[in-house]
Structures are given as C-alpha cells and as structure tokens.
Amino acid sequence: MSEMSRATNYLLGLTMLYYTAPKQADRKKNPVAWCSSIAPVEFLRAMDVLPLFPENHGALIGARKMGVELAEAAEMVGYANDICSYVRVDIGHILTGKSPVDGLARPDFLVCCNNICSTVVKWYENLAHHFQVPLFLLDTPFNHGLQIPEYSLNYVEAQLREFIPWLEDVTGKKFDEQRFKEVAMVSKQTSSLWRDVLELAKHKPAPFTAFDTFNYMSPIVTMRGTPEALEYYRLLKEELLQKVAAGEAAVTGEKYRLLWNGIPVWFAMRPMLQLFAKYKANLVCSTYTNAWVLDFDPDNLLRSMAEAYTAILINQSLDLKFGNLEKLLQEFELDGIIHHSNRSCKPYCFGLYDLSRRLQAGSQSIPEMIFDGDQTDPRHFSWAQFETRFQSFIETLTLSEPPNENRR
Amino acid sequence: MESILQNLLEVAASPAKEVTDWKQMTGGKVVGWLPIYVPEEIIHAAGALPVSLWGGSTEIARADAHLQGFACSVVRAVLEYGLKGTYSMVDGFIFPSTCDHIQNTADIWAGLFPHRPKFDLVYPANRQSQAARGYLEHLFAGLVQWLEELTGQKVTEDKLRGSIRIYNQYRALIAELYSLRSRRPESLSGPEMGQIIKASFFLEKAEFNRRLSELLPWLEKRKVRPAPRVRLVVTGIMAEPVEVLAILDELGGAVVADDLALGARILRAPVKEELPPLAALADRHLRLGPCSTLYDCRKGRGAHLQQLVAEHAADGVLFLNMKFCELEEFDYPVLKAELEEAGIPLLFLEVEQQMSALGQVRTRLQAFLEVLEQGVVS
Ligand code: SF4
Ligand code: SF4
C-alpha cells in the first residue's frame with residue numbers, strides 16, 4: 001500500500017489522542033480511570049472521564065516485542081509466570097516506566113468488570129493497592145446455562161445503579177442522565193457499525209483479514225461512546241464497501257476461509273499473516289473481535305446494559321460457545337478453525353478440547369488446529385510448533401476438498 | 001482415645017470407604033462439593049452427606065484430554081477421579097464459582113456427565129453491593145430446591161436451624177483444636193492435624209463433633225514430639241501433599257496457625273442463629289474473608305497474617321502455593337512486600353497435589369528454618 005487510506009489516517013490520530021489526552025488532562029475536569037477491557041465505559045464518557053485500558057496497552061507492548069522485558073520486571077517482584085501476561089507486562093510497565101507509548105497516565109480510580117475473567121478482579125485489587133485509588137467492581141455472574149437468570153440480571157442492574165453515585169463521589173461531578181443516554185446511543189451505533197464491518201468478511205473473497213480487524217478494533221475498545229469512534233467506523237465501513245464492490249481480496253486467490261478462536265498472538269502477527277497468505281488461507285473472522293458488539297435498548301437502558309455486559313461470550317457456558325462457533329461456521333462459510341490454547345487466558349481456553357471434540361462429532365465437522373501460545377509472552381510460544389501444526393492443518397484442508405469455491 | 005484418632009486418620013486416608021459405608025448404613029444421598037465456600041448446612045439439612053472434592057494425589061491420564069497442563073492440579077485431579085469412577089458413590093455435585101479453573105471445569109464436567117446432577121453455585125463477587133444479599137438468598141433457595149429434588153426430602157426451616165447449630169458447634173470445636181495446636185503443638189503431629197481437618201470434610205458433622213469433643217481433653221495431655229524450635233503460620237489453599245507437614249515436623253518446625261482455604265478460611269465465622277436460616281447463611285458468606293478467592297480491594301490478607309503471627313508468637317510465614325492458582329499468586333507479591341516491611345520472614349514454596357519428589361521442598365524448608373532458628377536464638 002502506497003498511500004494511507006483516510007480511515008487508517010483517522011485511526012492513527014485517534015490512537016494518539018487516546019494515549020495523550022489523559023496525560024495532559026486537567027484531572028478535575030477529566031479524571032482518568034483504568035478499566036478492564038469490556039467495562040461499562042458509557043458511564044465514564046458521560047462524565048468526561050478518560051478511560052485507559054491496560055489490556056489494550058498490553059497488546060501493544062506485545063506487538064512491539066517488549067513483552068519479555070516487562071513481564072520479567074513483574075516476575076522480579078514476585079508475580080508468577082503463570083499469571084496472565086497482560087497483567088505481568090502492565091505491572092512491569094508501572095515498575096519500569098517503559099512502554100511503546102510512554103506509559104499510561106496514572107489513574108484517579110479503577111473500574112473492573114469480571115465478564116471476561118476472574119484474573120481482572122485480582123489484577124485490579126492489586127492496582128488499587130498499588131495506586132491507593134478507589135475501585136469499582138461490576139460483577140457479572142458467569143452463566144452456565146442457555147439463558148442468563150433474571151435474578152443475575154437484577155443484581156447486575158442494581159450494581160449499575162450503584163455505580164452512578166459512586167462515580168459522582170469519586171469524581172465530584174454530577175451525573176447527567178440525558179448525556180448518558182446520548183453516549184449510550186452513540187456506543188450502540190458504533191457497536192452496530194463494528195458488527196457491519198466484521199460481517200463484510202462474509203464476502204468472497206474477503207476484503208480484509210482478521211489480522212486487520214485486530215487493528216481496526218482499538219477504538220471500539222478504547223473510545224466506545226465517543227463521536228470520534230463512531231466516525232472512524234463510518235469511514236472504515238465506507239472504504240471496505242468500496243473494496244467489496246471492486247472485488248478486492250485481502251489474500252490473493254483466497255482458497256481457505258478460517259476462523260481464529262482466541263486472542264491474537266500479538267508478537268507473531270506478521271509471520272502468521274505471511275504464512276497464511278502463502279497457502280492462500282485467510283482468517284476471515286475471530287471469536288475475539290466479536291466480543292465488543294454491545295446492543296442497548298434506549299427504552300430500558302440499564303437493564304439492557306446489564307444484559308449486554310453479562311452476555312459477553314467468554315462469560316457463557318460451553319454450550320453457548322459451541323452454538324456461537326456453529327453459527328460462525330455457517331455464516332462465514334468457513335473451511336477450518338484455529339484454536340489458540342493460550343497460557344495466559346484460562347477462561348478462554350479451558351474447555352477448548354471439548355469444544356473441538358463436539359465440533360468433530362457434529363454435523364459441521366471441519367478441520368481444526370490447536371496450538372499452544374500466549375498473547376504477549378513469547379516464552380510460551382514456539383513458532384516451529386505453530387508452523388508445523390499449520391502445515392499439517394493445511395494438508396488436512398487440502399484433503400478435505402472440495403475447497404470453498406466449488407462447494408456452493 | 002487413640003482409636004478415635006486412628007479412625008479419623010483412616011477416614012482422611014481413604015475417605016471413599018467411609019462415605020460408602022455411610023451410604024449403605026443410612027441409604028442417604030452423597031453430595032460432593034468443590035472448593036471453597038459451600039453452605040454445607042443446607043446439604044446436611046436435606047439429609048445428605050456433604051463431602052469435599054478437593055482433588056488428590058492421583059496420576060493424571062484421562063483428564064489431560066480435557067484440561068491443559070496449566071490448569072491447577074486440584075481441578076485436574078477432580079476431573080481424573082470423575083473419569084475413572086472414583087466418585088461413583090457421589091449422587092450430586094456442587095461447583096462454586098471460586099475461580100476460572102473451577103468455573104470452566106464445571107462446563108467440561110456437564111458435557112462429560114450430562115446425567116449426573118450438578119449445581120452451579122455462582123456467588124456474587126461484589127459483596128459490597130446492596131443487591132448481593134438478595135442475590136445470595138435467591139441462590140441458596142435454588143440450592144435448597146435442587147437438594148430437595150435430589151434427596152426427595154423437604155428442607156424445612158427447623159431442619160436448617162438444627163444443621164446450623166451442628167455446624168456452629170463444629171466450628172467451635174475446630175477453634176478449640178486450633179487453640180490447642182498453638183498452645184501445645186506437641187499434642188499432635190503436623191500431618192495428624194491436617195488429617196483431622198480433612199476427615200471432618202467427609203464425616204457427618206454431628207458424628208464428627210462427638211468424636212472430636214471426646215478427643216480434645218485427651219489431646220491436652222498427649223505428647224508426640226518435643227516443643228517445636230520454630231513456629232510457623234501457613235497460608236495457601238491447602239497443606240497438601242501432607243508429606244510437606246511431615247518434613248516440617250522432622251526439621252523441628254510446627255504450624256501453629258493457618259490461613260488455609262482448606263482450614264481456617266472456611267472454618268471461621270459462625271452463622272448467626274437468630275436470623276432466618278437462609279438469610280443467616282447468606283449473611284455469613286458476606287462476612288467471610290480475607291481470602292484470595294473473595295474480592296477484597298483493601299488486600300486485607302497481609303494484615304491478617306501479621307495478626308496471626310503476633311497472636312500465635314510465630315517466627316515466620318510459609319506461603320504454600322498451589323501451582324497455577326492465579327488467585328493465590330496475585331496475593332503473593334503484595335504479601336511479600338508487606339511482610340518484608342514488617343520484618344516477618346516469609347517462604348514461598350510451590351506445591352502440586354501430584355507431587356512425588358519432595359527433595360526440593362525439604363531443602364528449601366530446611367534453609368528457611370535454619371535462618372529462622374538463628375533469628376530465634378539471637
Ligand atoms: S485472563 Fe484472559 S480475559 Fe483475563 S485479562 Fe488475561 S487475557 Fe484478558
Ligand atoms: S487451587 Fe486455586 S485455581 Fe485451583 S481450584 Fe483452588 S482456587 Fe481454583
């Protein structure tokens with residue numbers, strides 16, 4: 001690519017703004033909060049709080065290959081190597097001040113939602129202790145069934161109501177309900193544009209790869225609820241639609257359409273992309289990026305938020321995770337699945353083996369590959385193992401022809 | 001008296017036999033629960049026998065097909081036992097939302113054993129919320145209903161009150177045992193102490209209470225070893241493998257107080273008998289802690305350990321880390337800094353249930369005790 005697209009340009013600006021604004025902020029007007037990755041930021045945005053996301057920062061640290069150095073700094077003070085690498089690199093960055101973006105601005109308070117794991121609860125406890133700042137925990141009980149029980153939702157909704165006076169207290173500002181509704185609607189629209197973007201990969205050939213979406217996703221995570229994020233996805237969708245219309249393919253001669261189940265291996269994206277392209281394989285979707293599609297009902301805002309934040313896939317039963325995979329297989333006309341058995345992310349990957357077994361036993365049995373890795377810590381990943389597994393996976397795919405084009 | 005103690009040790013060594021015998025004798029149902037907090041009182045009130053399923057030192061073979069090697073050894077062992085039929089006498093299973101390891105294992109379990117009754121005890125993690133109490137009462141009411149279906153018995157308020165009384169007695173007796181251990185460590189060996197507590201997790205509690213209350217006066221006079229040269233507080237999920245405690249004894253050390261999940265953490269905080277039973281059980285859950293598995297933004301565990309050290313005139317703290325238990329591992333760096341500042345020696349020792357080679361453990365314990373002894377002498 002010679003010339004940078006408008007959307008890409010816009011994204012660069014947004015990222016810059018996201019990291020620098022908290023550093024320059026007048027904390028009285030714009031307090032800074034560190035948040036777990038799928039926390040209800042709509043409340044914060046409505047009060048002009050600037051949220052920062054250590055997980056997102058961790059991904060960047062991984063991508064810039066600073067993972068080992070920072071993880072080791074945390075291990076030095078007693079953080080076990082078993083602990084999620086996002087945590088270790090975050091603690092490492094706090095201790096050393098090192099980061100690809102000159103670090104995250106110090107938090108005035110913390111917001112943690114356990115809809116992704118129990119790890120974040122412990123992580124934020126330790127952050128609260130380290131920074132000596134207040135912490136709000138939004139607890140979204142795990143759903144082992146097919147439907148989230150009403151009494152769970154009552155409890156989550158009650159906590160959202162408690163969140164408001166808590167925020168007023170720590171920020172010293174008044175909560176403006178009208179403003180909150182507006183932010184929530186912007187967030188909803190942004191989510192829905194994000195879904196539209198992801199679904200454009202249903203086109204054959206797909207105009208982008210899931211690797212691209214790992215970059216596209218940053219504003220939906222970090223700036224959800226702002227007009228800027230909304231604008232970005234509007235621009236992005238427009239550009240991608242043009243690519244679709246022009247029949248542009250992200251992988252020339254797309255032959256295999258694959259799903260990525262797990263968090264990316266941030267430090268190995270480029271070689272993976274190249275390896276996949278060599279075999280004309282494209283990752284067309286991932287269970288990861290889908291997590292930030294949140295839908296709210298303006299007429300029943302808090303209840304629907306309680307539901308949306310509880311219903312995050314990683315917080316659901318294996319049955320629902322399986323159902324989601326089956327749905328994606330159909331909708332994206334997939335040929336194979338790559339599962340990331342991630343040393344860091346226990347809730348994402350305990351149960352993977354059974355998920356895979358169920359798929360093999362089901363009506364849509366397709367080739368799968370499972371590899372051992374980690375999103376940020378290269379010491380838990382072997383490129384040689386990955387490459388070998390991928391090659392035999394591709395062989396299986398070749399054998400299980402007819403390839404996608406002829407199937408319809 | 002010796003025979004009562006012997007019997008308790010046997011129960012701990014082969015709980016399956018004890019549980020099977022109970023079942024044959026009473027015709028009742030057996031309900032297994034995973035760590036850590038489960039209101040056993042409700043199970044007891046339903047006429048069932050609550051038994052703890054905390055893994056064990058089995059070789060992992062079948063479970064590897066379902067759980068990665070970086071799942072903690074407790075859930076791997078539980079799954080292994082489930083798959084090889086060790087739990088055949090267990091009629092129902094309770095999986096609390098203690099950690100991601102158990103939570104995900106619960107779903108794997110459901111897929112493997114769809115016809116075995118199971119209850120997911122998903123606790124409110126935000127116990128500060130005004131809504132937590134209501135949520136808990138709802139949750140426990142659901143547990144009552146599940147147990148009634150399983151046992152065919154009605155869980156009446158009277159029965160609940162009776163069971164709560166028995167469990168409060170149980171906790172009081174254990175508190176006496178704990179106090180004895182601190183006052184007269186020579187009464188019991190380390191493994192004996194661990195095994196008595198373990199036995200209590202498999203015996204019907206009224207029966208256990210009877211035995212322990214007979215045993216206590218005898219233990220007051222018993223002497224199985226010299227007074228320890230080094231007194232320790234042990235913290236962690238559980239003191240297993242039990243050989244670790246034997247090594248500690250051999251080296252002249254003794255645990256005089258614990259902050260173990262399978263120990264003091266679940267045995268503290270009596271239930272308030274004046275409240276309606278389910279509300280009282282919910283109330284107890286809201287008061288539990290500090291514990292690595294219960295959200296605590298103040299990180300109160302360090303202060304608690306310092307208090308234990310002071311109260312029990314301990315020389316140091318032993319952090320027994322169950323490998324891969326993130327919840328515990330997160331507390332460690334915080335504790336480490338706090339105890340260092342307070343001048344309390346701390347040893348981090350990593351264990352796994354399926355651990356066979358304990359040479360390393362011995363070496364590290366020995367070095368730690370030597371340092372402590374010098375400190376004690378000078
Ligand atoms: S354990 Fe998984 S979900 Fe939790 S912070 Fe780490 S990567 Fe994110
Ligand atoms: S040892 Fe830790 S990780 Fe394992 S089951 Fe217990 S609480 Fe969970």
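Just the heavy atoms: all of them, side chains too, but no hydrogens, waters or symmetry mates, feed the values below. Chain letters run A, B, ... following the sequence lines, proteins first and then strands; every chain starts at 1. Predicted, not measured: the structure shown is a model, and the values here were computed from it.
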[X], part contacting chain A, at a heavy-atom distance under 4.5 Å:
X         : result
Thr105(B) : neither
Phe70(B)  : both
Ser97(B)  : neither
Glu328(B) : neither
Ala110(B) : neither
Leu335(B) : neither
Phe348(B) : neither
Leu294(B) : backbone
Cys297(B) : both

request  = Quick one: which of Leu327(B), Asp120(B), Asn321(B) has the most heavy-atom pairs under 4.5 Å with chain A, could you say?
outcome  =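 The answer is Asp120(B).
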
Heavy-atom donor-acceptor pair, Asp107(B) side chain to Leu318(A) backbone, under 3.5 Å =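 Pair found, side chain donor or acceptor close to backbone of Leu318(A).
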
Heavy-atom distance under 4.5 Å between the side chains of [X] and [Y], does that happen here?
X         : Y         : value
Arg357(A) : His66(B)  : yes
Asp100(B) : Phe142(A) : no
Thr119(A) : Phe330(B) : yes
Gln68(B)  : Phe350(A) : yes
Tyr135(B) : Pro149(A) : no

task = Determine, for Glu326(B) against Lys346(A), whether the closest basic-nitrogen to carboxylate-oxygen distance falls under 4.0 angstrom.
result =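 Here Glu326(B) pairs with Lys346(A) in a salt bridge, since their nearest N and O are under 4.0 Å apart.
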
request  = For the pair Asp139(A) and Arg127(B), find out whether any cationic side-chain nitrogen is under 4.0 Å from an anionic carboxylate oxygen.
outcome  =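 Not counted as a salt bridge, because no side-chain N and carboxylate O are separated by less than 4.0 Å.
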
inquiry  = To the nearest 0.5 Å, what is the distance between CG on Asn104(B) and OH on Tyr348(A)?
reply    =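 Between Asn104(B) CG and Tyr348(A) OH, I get 12.5 Å after rounding to 0.5 Å.
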
query = Which residue out of Leu138(A), Leu127(A), Asn126(A) racks up the most heavy-atom pairs below 4.5 Å with chain B?
reply =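 Highest number of heavy-atom pairs under 4.5 Å: Asn126(A).
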
request  = For each of Ser152(A), Ser118(A), Ala128(A), tally heavy-atom pairs with chain B at distances under 4.5 Å, and name the one with the top tally.
outcome  =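 Option with the top pair count is Ser118(A).
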
